Every structure is written in C-alpha cells, then in structure tokens.
Amino acid sequence: MSDRDQRYDKLFEPIQIGPVTMKNRFYVVPHADSLGMGKMDEMIAYRKARAEGGWGTVCTGETMIHETSDHAPFVCTRLSSDDFIEPMSRLTSAIHEHGSLAGVELAHVGASCPSWSYRQHPISPSAQFPRLYNNPVGARKMDKKDIAEFRGWYTKAAKRAQKAGFDIIYAYCSHDLSLLQDFLMQRTNKRTDEYGGVFENRVRLIKEVLSDLKDAVGDTCAIAFRFAVEDRQQPSSLNIREDGRRVVEALADIPDLWDVNVSDWAWDSGSSRFFEEGEQETFVSFVKQVTSKPVVGVGRFTSPDAMVSQINRGILDIIGSARPSIADPFLPNKINEGEIDRIRECIGCNACAAEVMNNTAIRCTQNPSVGEEHRKNWHPERVPPAHDESKNILVIGGGPSGLEAALTLGKRGYQVSIADAGEEWGGRLVKERKMPRLSAWGRVVDYRVGQLQLMPNVQMYLASPLTADDVEGFEADHVIVATGATWRRDGTGRSHLDPVPGWDGSQVYSPEEILNGDLPEGDVIVYDDDYYYMATVIVDKLVSAGCKVTYVTSAAIPAPWTINTLEFDHIVRTMRESGVEILVGNTISSIEETSVHVTEQLTGKESRLSSNAVVLVTGQLASDSLYYQLQQKQEDKLVNSLERIGDCVSPALIAQSTHDGRLAGISYGKIDTPDEDAGAG
Ligand code: ADP
Ligand code: SF4
C-alpha cells in the first residue's frame with residue numbers, strides 16, 4: 001500500500017489522452033540526451049530508468065522525420081526510414097515494461113539544420129540566411145511540392161512510430177528549432193501564397209500536419225502538439241501571447257494533448273540562476289482556458305505542493321519534466337511512497353544541457369548515474385551490497401565528492417566515517433550557495449547530508465581538520481581523500497602560466513576572499529580567465545554591494561562556457577543592465593596600485609584601466625598535500641588503502657565531483673563485472 005500524503009493524490013489520478021490512458025500526471029517531456037541512435041542501449045537504459053521511477057509517460061528527444069532534418073553535430077533519434085523501427089521498438093518495450101506510455105517527438109528542424117551529415121540543402125518557408133550555431137549554411141525556400149512531401153514525411157514517420165509501439169506521437173513547433181514554427185512566425189515566413197502572410201495562412205501547415213497525423217495513426221495513438229506559446233528571445237516574432245493564443249484557439253481541440261512551453265531553449269530550460277521554479281506559468285496559463293484537451297507544461301518542478309497547485313489552479317493537467325526527471329528518475333515513486341525528503345532535487349545548473357551542447361552523453365550534477373545506466377550499469381537508487389560490512393572507510397572532505405562517496409558506501413552497508421575541517425557540510429558549496437542566485441545549488445549538499453544523517457552506519461564529524469597522523473591513527477580499511485581545491489591568488493591560469501606582476505598587492509583579491517565576504521569598494525576590475533560562472537557571480541555580488549565593476553576577460557566573449565549552460569544571454573544582459581563595463585579579448589599584463597595594464601590578445605595593444613581593486617578569477621589549485629602525505633604513509637605500510645577523488649585530483653565541475661564520489665563508492669570492494677554493479681539494494 002502506498003504511504004503517500006493524500007494531498008498528492010491528484011498527481012496519481014489517471015488521465016485520458018486521446019485513445020490512450022496515462023496512469024498518473026507525471027510526464028517526462030521530450031528532451032535531448034545526446035545518446036541517439038548511435039548509443040541506443042544507453043538511450044534505452046536512460047529512458048527506462050524514468051519509467052521504472054514512476055513517470056506515467058516517457059518521451060524521446062527530437063526524432064527526425066527525414067534526412068533534410070539533419071541536426072548534426074547534435075545527436076538525435078530518427079524515424080526517417082524503416083531501419084529505425086526495430087531499435088525504437090526496443091525503447092517502447094522498455095518503457096512499457098513499467099506501465100508507462102512512450103511518446104515520440106517527431107521533428108523537422110527546418111532552417112536550423114546545417115545538414116552536415118546527410119549533406120542536403122536545408123529547407124524553409126522562405127529562403128533564409130544561416131540561422132543556428134554560426135554555420136554558414138542557408139536554407140532554400142520550399143515550393144508546393146516540397147510542402148506536400150514534407151506532410152508525407154511526417155505521416156510516414158508517424159506510421160513507423162506507431163509500428164514501433166509509441167503511444168503518443170508529436171508534431172513539434174518549439175525552441176526556434178522547428179520547420180512548423182518557421183511557417184508560423186512572421187520573421188521566418190515571407191511567403192505570399194496560402195502558406196504565408198495572414199495568420200490563417202501561417203498556421204495552415206500545422207493544421208494540415210496535425211490532421212494528417214490523426215488520420216494516419218490517431219486510431220491507436222494520441223497526437224501531441226509541442227508548442228512554444230511565446231518566443232521570449234525575439235519578442236516581436238510570435239507577437240507575444242496574442243499570436244500564441246490565436247494558435248491555441250485555431251487548433252484548440254485538434255491535438256489530443258497540448259505540450260506547451262516558451263522559446264528558445266535558453267528560456268525554456270532557464271537555469272536557476274535566472275529562473276524560478278514554475279516560471280513559465282505566466283506564459284502558459286491561458287492554454288487550458290482555450291482547449292478542452294489535456295495540457296502538459298514544465299517549470300523545473302520538484303515540489304509536489306507546487307505540482308498539485310498547478311493542477312488545482314487549472315494551469316496544467318499534467319506535470320511535465322525534463323531536468324527534475326534527470327536529477328531524480330524516481331521522483332514520482334518517492335512522492336507516492338511518502339518519501340519526499342528523499343527527492344534528489346534538480347539544482348537548475350544546466351550541466352545536463354552543457355553536455356548536449358557539446359554532443360557528449362547527458363550527465364547530471366545531482367544524479368551521477370545519468371548516462372551511465374547502461375555503460376556502468378549504475379542505477380539511480382540501488383547500489384550493490386557491501387562485500388564485507390565490517391570494513392570501515394574514512395572519507396576526508398565533506399564537499400560534493402566526499403558526500404557522494406560516503407552516501408554510496410553508506411547505502412552499500414559499510415562502516416563509514418566522514419570528516420570535514422569546516423563548520424558546515426558542503427565544501428565549496430558552503431560559500432558558493434550563499435553567492436547571488438546560487439542558493440538552489442545547495443541542494444547538492446542538503447540531499448546528501450539529509451540521507452547520511454539517517455544512516456546508523458555513517459559517522460559524521462565537522463570541525464575536524466585531519467592530519468596525516470590523525471588518519472594513520474584512525475586505522476581505516478580504506479581512506480578516500482576529497483579535500484577539494486582553492487582559488488589561485490596569483491593570476492596564473494589559461495593566459496598566464498606565471499604569476500601576474502603585482503598580484504600580491506593588498507588591492508588584489510582572489511575569489512576565496514570574495515566568497516568569505518571580504519569585499520573591495522569603489523571601482524573594481526573582475527578578471528575572468530576561468531570562463532564559467534565564478535567571475536560573473538562575483539560581478540553580481542560586487543554590483544549589489546555598490547561597486548562600479550569592469551569585467552575583463554581574455555576570452556572573445558564573456559563567460560564563454562555558459563553558452564553551454566544556456567546562461568550566456570542572461571549573464572550578458574544582466575551585466576549590461578546593471579551598468580557593468582565589459583572588455584573582452586584582453587589579458588591583465590600587470591597590476592599597479594590604482595590601475596591595471598591590459599593587453600589585447602590578438603594585437604598586443606596595451607591599455608591602462610584605473611581601479612581601486614582587482615579580483616583575479618583565473619583558476620583553482622587542487623588541495624592535494626594531505627593525499628601525498630598519506631601516499632607516503634601507504635608506501636611505509638602505515639595506511640592500508642588510499643584513493644583521492646573530486647577537485648583534489650584536479651578542479652572541475654561539481655558534476656565531476658559527484659561522479660567521482662559515486663565511482664569511488666561503487667568501486668570499493670571491487671566489483672569486476674558490470675552486471676553486479678546495480679546489485680540489489
Ligand atoms: P569536492 O568538489 O571535490 O567535493 P570541495 O572543495 O567542495 O571538493 O570540498 C572539499 C572539502 O574538504 C572542504 O569542505 C574542506 O573543508 C575539506 N577538507 C580539506 N582538507 C581537509 C582536511 N585535512 N581534513 C578535513 N577536511 C578537509
Ligand atoms: Fe538539474 Fe543540473 Fe542535473 Fe541538469 S545537471 S538535471 S540542471 S541538477
């Protein structure tokens with residue numbers, strides 16, 4: 001019997017979607033995984049884990065209907081030929097095994113497709129300039145024959161999807177990545193025939209495709225329409241909610257399911273630094289007033305109360321999720337079993353998106369099993385049992401890597417001790433979570449500490465800076481060093497392999513000092529040679545403390561890595577709106593008391609900027625001295641077994657730290673065959 005709180009009963013009511021019934025209101029919306037047809041086993045295992053965790057529907061990512069929709073180098077699934085039916089039917093069987101519905105997002109990405117793989121000319125309602133990812137490939141205008149063929153491709157792909165066993169079949173019109181959206185939007189549709197011009201003409205092809213799909217597969221499959229009701233990136237294009245509303249009114253009850261969001265991806269999957277949970281409500285709330293068909297939407301929902309509220313207030317019928325389902329595939333089951341404290345909440349960091357943007361397998365900061373369900377046979381919840389429960393393991397460092405290692409080992413049943421020098425658990429996150437807009441990142445710590453505190457076989461020691469002699473005295477069977485890293489003070493980094501002249505002046509700050517709350521005043525230069533979040537978060541902090549900030553970076557654009565986390569536009573916009581001067585492509589060549597000399601990277605041109613203070617955000621240094629001391633003790637047979645993980649190996653993303661922790665936790669006691677990894681538990 002379920003132990004769930006009755007307040008959440010609503011989330012577990014079945015719902016009819018066209019000819020199919022979904023067992024509850026939890027829906028994994030289509031999302032990219034960078035696994036695709038090339039890594040089908042990985043892809044199946046990844047999606048299957050979400051079905052096992054209780055999601056009523058699990059969808060694919062973009063699934064291309066034709067070769068002209070070639071999103072390479074991005075990795076997608078395909079139903080553009082019969083060859084893909086068999087692998088896709090393996091996916092639907094895996095999803096059905098757990099009583100979930102399988103959805104497929106049939107897509108054509110139109111002008112957004114550079115066609116690097118299939119080498120066809122991209123197609124579009126009107127001839128278009130190159131659109132996406134700086135590729136120099138324009139799209140040709142479709143003629144009437146092309147439009148008829150396009151409808152045929154959609155229908156054929158839908159029939160293949162039906163054969164493969166999908167229950168819900170999509171037409172895709174979102175993220176500024178869709179041919180149907182190109183037809184709809186004035187800015188991309190300049191046609192003068194019956195498919196262009198007035199609204200009724202621009203919506204015509206969508207109507208036709210939806211009717212085609214209903215005729216072709218509507219007997220057994222639900223037809224879903226994924227629609228961005230708002231294009232927030234280019235507000236003039238979809239004419240704000242008025243056009244979005246007109247589309248919903250025009251199509252109202254044609255699709256069996258409305259899957260609504262906003263464009264483009266950087267707005268739909270906004271990071272927690274810039275977007276709150278449920279942020280899309282303002283934009284999508286009208287949809288249910290217009291259609292009688294079920295509506296699914298997203299909002300990085302991790303709170304069951306927020307989910308129930310969406311349904312009770314008539315905003316959504318079904319709770320859509322990509323990132324919360326990535327971070328916790330078992331979120332529905334945990335709500336059902338009354339274990340909401342065990343939900344591993346998404347932190348909204350978008351490290352998952354970053355992997356997709358880099359065309360590598362999906363990963364997650366919170367959930368290290370993501371993308372490793374098949375390759376390493378890692379399960380989101382279960383771990384193999386201890387090979388010997390009497391073994392005692394000492395973990396030194398309570399940051400993301402140490403906490404995850406202790407949690408995995410604790411779950412396995414070992415005797416675990418974890419010690420940290422600090423007064424609070426979390427390592428780097430103790431301070432980072434207190435920086436502007438990063439509070440949600442603290443969930444990495446809260447989830448793990450909450451679980452560890454419930455384990456009788458885990459002892460936790462704060463304010464315990466351990467020396468090598470302390471560790472020797474502990475006589476652990478295994479020692480895991482997770483002592484992290486610290487930010488460099490001397491300006492060494494990508495651009496300077498030697499310290500920057502003048503780095504030791506009293507007006508020069510490292511990120512450590514800012515994180516400790518030691519802030520400069522007046523005109524401050526923040527120098528970014530790191531390229532991710534820290535420099536711009538410090539900018540935020542200093543601006544709110546009243547400093548006049550100049551952001552200087554050696555990169556050609558500000559914080560370039562944040563393009564991958566979909567934060568770049570929001571970061572630059574925020575800096576500009578708060579009056580921050582931005583200087584790109586310059587390195588700091590020397591620092592003086594009231595000024596800084598910068599050198600333009602490409603030309604060597606020097607200039608001088610006045611400042612009261614400088615913050616050098618250039619790189620981190622592994623805190624590995626304890627590890628090396630222990631290595632010596634191990635050689636002297638004074639320490640049994642030793643390894644190091646996380647930032648003290650080399651500083652990286654938090655996602656690397658949690659992965660390292662999980663790997664160390666799983667590997668102890670050595671499991672040789674991957675089949676044993678997931679074990680019972
Ligand atoms: P990671 O991301 O690899 O987990 P962090 O820097 O977040 O690394 O965490 C490292 C933690 O290790 C910090 O909380 C720090 O206080 C702790 N630590 C470092 N050296 C020692 C030590 N000698 N004894 C106990 N804790 C330590
Ligand atoms: Fe959420 Fe970050 Fe995991 Fe993505 S990587 S699902 S944003 S915690």
Side-chain angles (χ1 to χ4, degrees), residues 31-33 269-273 275 277 300-302 321-329 331 344-356 362-371 380 394-406 417-433 440-441 443-445 447-448 461-471 474 479-487 512 515 564-567 620-627 629-630 644-661 664:
H31 63 271
D33 53 35
S269 292
S271 78
S272 59
R273 220 177 131 179
F275 298 90
E277 178 171 347
R300 219 176 59 251
F301 295 114
T302 56
S321 160
R323 288 171 293 173
S325 75
I326 297 171
D328 197 339
L331 185 149
R344 197 168 41 239
E345 292 181 295
C346 166
I347 69 166
C349 63
N350 282 0
C352 47
E355 299 310 319
V356 170
I362 189 165
R363 71 171 59 173
C364 173
T365 302
Q366 270 285 52
N367 177 6
S369 71
V370 166
L394 174 63
V395 180
I396 309 162
S401 65
L403 289 172
E404 177 64 27
S417 300
I418 178 166
D420 195 285
E423 304 284 337
E424 280 177 63
W425 296 109
R428 60 192 278 183
L429 285 170
V430 170
K431 289 165 190 160
E432 288 185 20
R433 68 187 297 179
W441 289 26
R443 293 170 170 187
V444 171
V445 182
Y447 163 72
R448 290 172 174 79
Y461 305 100
L462 279 175
S464 306
L466 300 188
T467 63
D469 288 341
D470 295 333
V471 178
F474 202 88
V479 176
I480 297 176
V481 181
T483 46
T486 51
W487 284 91
E512 296 293 339
L515 287 162
N564 300 316
T565 57
L566 314 175
E567 292 172 301
Q620 296 173 76
L621 205 55
S623 304
D624 51 13
S625 58
L626 178 63
Y627 173 75
Q629 290 164 28
L630 291 171
R644 62 174 165 160
I645 58 173
D647 289 347
C648 81
V649 182
S650 68
L653 301 188
I654 299 170
Q656 180 67 41
S657 286
T658 51
H659 174 274
D660 278 14

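These numbers come from a predicted model, not from an experiment. Counting starts at 1 for both ligands and their atoms, following the listed order.
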Asks: To the nearest 0.1 Å, how far is atom 26 (N) of ligand 1 from its closest protein heavy atom, and which atom is that?
Replies: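 The protein heavy atom lying closest is Ala421 N, 2.9 Å.
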Asks: Is there side-chain contact between Ile326 and Cys346, with at least one heavy-atom pair below 4.5 Å?
Replies: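 Heavy-atom side-chain distance check fails, nothing below 4.5 Å.
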Asks: State, yes or no, whether a side-chain contact exists between Thr658 and Gln366 at a heavy-atom distance under 4.5 Å.
Replies: no
Asks: Where is the nearest protein heavy atom to atom 10 (C) of ligand 1: which residue, which atom, and how far?
Replies: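 The protein heavy atom lying closest is Ala482 O, 3.3 Å.
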Asks: Considering Gly427, Ala419, Gly661, Gly484, which one's heavy-atom position lies nearest to atom 6 (O) of ligand 1?
Replies: Gly484
Asks: CZ of Arg443: more than 12 outside heavy atoms within 6.0 angstrom?
Replies: yes
Asks: For Pro400 and ligand 1, answer yes if some heavy atom of the residue is under 4.0 Å from a ligand atom, otherwise no.
Replies: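 So Pro400 counts as touching ligand 1.
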Asks: Numbering the atoms of ligand 1 from 1, which are under 4.0 Å from a heavy atom of Ile396?
Replies: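 Heavy-atom distances to Ile396 below 4.0 Å select 22 (C), 24 (N), 25 (C).
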Asks: What is the nearest protein non-hydrogen atom to atom 21 (C) of ligand 1, stated with its residue, atom name and distance?
Replies: Thr483 CG2, 3.6 Å
Asks: May I ask you to identify, for Ser401, whether its side chain, its backbone, both or neither come under 4.0 Å of ligand 1 on a heavy-atom basis?
Replies: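 Contact part for Ser401 vs ligand 1: both backbone and side chain.
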Asks: Below 4.0 angstrom from a heavy atom of Gly646, which ligand 1 atoms are there? Numbered from 1 as shown, please.
Replies: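 Listed by number with element, the hits are 3 (O).
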Asks: Considering the heavy atoms of Ser657, write down every atom of ligand 1 situated less than 4.0 Å from one of them.
Replies: 1 (P), 2 (O), 3 (O)
Asks: Would one find an N, O or S atom of Cys364, in either backbone or side chain, under 2.8 Å from atom 3 (Fe) of ligand 2?
Replies: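 An N, O or S atom of Cys364 is closer than 2.8 Å to atom 3 (Fe) of ligand 2, so yes.
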Asks: Which protein heavy atom lies closest to atom 4 (Fe) of ligand 2, and at what distance to 0.1 Å?
Replies: Cys352 SG, 2.3 Å
Asks: Could you check whether Ser657 and Asp660, counting side-chain N and O atoms only, form a donor-acceptor pair closer than 3.5 Å?
Replies: no
Asks: As a quick check of understanding, evaluate side chain to side chain contact (heavy atoms under 4.5 Å, CB included) for Ser269 and Phe275, giving each step before the final call.
Replies: CA-CA 9 Å; Ser269 292; Phe275 298 90; over 6 Å; no
Asks: Evaluate the side chain to side chain contact (heavy atoms under 4.5 Å, CB included) criterion for residues Ser325 and His31: first the C-alpha distance (whole Å), next the side-chain angles of each, then the deciding distance (0.1 Å), finally the verdict.
Replies: CA-CA 10 Å; Ser325 75; His31 63 271; 4.2 Å; yes
Asks: Counting from 1, what ligand 1 atoms have a heavy atom of Ser464 closer than 4.0 Å?
Replies: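 Heavy-atom distances to Ser464 below 4.0 Å select 24 (N), 25 (C).
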Asks: Are Val444 and Glu404 side-chain neighbours, meaning at least one heavy-atom pair lies under 4.5 Å?
Replies: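 Of all side-chain heavy-atom pairs linking Glu404 with Val444, none is under 4.5 Å.
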Asks: Do the non-hydrogen side-chain atoms of Ile396 and Leu630 ever get within less than 4.5 Å of each other?
Replies: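 In contact.
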Asks: Answer whether the closest heavy-atom distance between the side chains of Ile347 and Ile654 falls below 4.5 Å.
Replies: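 Ile347 vs Ile654: side chains apart.
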Asks: Are Ser272 and Trp441 packed together at the side-chain level, in the sense that at least one heavy-atom pair is separated by less than 4.5 angstrom?
Replies: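 Ser272 vs Trp441: side chains touch.
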Asks: Between Val481 and Cys648, does a side chain to side chain contact (heavy atoms under 4.5 Å, CB included) hold up when you go through it step by step?
Replies: CA-CA 8 Å; Val481 181; Cys648 81; 4.1 Å; yes
Asks: Considering only the protein, which heavy-atom contact is closest to atom 7 (S) of ligand 2, and what is its distance?
Replies: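 Of the protein heavy atoms, Asn350 N, 3.1 Å lies nearest.
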Asks: With a 4.0 Å heavy-atom cut-off (strictly under), which part of Ala485 contacts ligand 1: side chain, backbone, both or neither?
Replies: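 It is the backbone that gets close, since no side chain atom is under 4.0 Å.
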Asks: Using a strict cut-off of 4.0 Å, indicate which atoms of ligand 2 neighbour a heavy atom of Ile326.
Replies: 6 (S)
Asks: Test side chain to side chain contact (heavy atoms under 4.5 Å, CB included) on Phe474 and Leu466; report intermediate values, then the result.
Replies: CA-CA 10 Å; Phe474 202 88; Leu466 300 188; over 6 Å; no
Asks: Would you mind telling me if ligand 2 is within reach of the side chain of Ile347, the backbone, both or neither, using heavy atoms under 4.0 Å?
Replies: both
Asks: Any N/O/S atom, backbone or side chain, of Cys346 lying under 2.8 Å from atom 2 (Fe) of ligand 2?
Replies: no
Asks: Indicate yes or no for a side-chain donor-acceptor contact from Arg428 to the backbone of Glu432 under 3.5 Å, with no hydrogens or angles considered.
Replies: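 No; judged by distance alone, with no hydrogens or angles, the pair does not exist.
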Asks: Give the residue and atom name of whichever protein heavy atom lies nearest to atom 7 (O) of ligand 1, and the separation in Å to one decimal.
Replies: Arg428 N, 2.7 Å
Asks: How far is atom 14 (O) of ligand 1 from the closest protein heavy atom, and which atom is that?
Replies: Asp420 OD2, 2.6 Å
Asks: Which residue and atom name correspond to the protein heavy atom nearest atom 24 (N) of ligand 1, and how close is it?
Replies: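 It is Leu466 N, 3.0 Å.
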Asks: Using a strict 4.0 Å cut-off to heavy atoms of Gly348, name the atoms of ligand 2 that fall inside it.
Replies: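 Counting atoms of ligand 2 from 1, those under 4.0 Å from Gly348 are 1 (Fe), 7 (S).
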Asks: With heavy-atom distances below 4.0 Å as the criterion, list the atoms of ligand 1 near Leu626.
Replies: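 Result: 23 (N).
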Asks: Among protein heavy atoms, which lies nearest atom 2 (Fe) of ligand 2, and at what distance?
Replies: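 Here the closest protein heavy atom is Cys349 SG, 2.4 Å.
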Asks: Less than 4.5 Å apart, any side-chain heavy atom of Thr483 and any of Tyr627?
Replies: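 With C-beta onward as the side chain, the pair stays apart.
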Asks: Going by the order shown, which atoms of ligand 1 are within less than 4.0 Å of some heavy atom of Gly397?
Replies: 11 (C), 12 (O), 17 (C)
Asks: Looking only at protein heavy atoms, identify the closest one to atom 6 (S) of ligand 2 and say how far it is in Å.
Replies: Arg323 O, 3.4 Å
Asks: Hey, are the side chains of Pro324 and Arg300 touching, using non-hydrogen atoms and a 4.5 Å cut-off?
Replies: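 Contact flag for Pro324/Arg300 side chains = yes.
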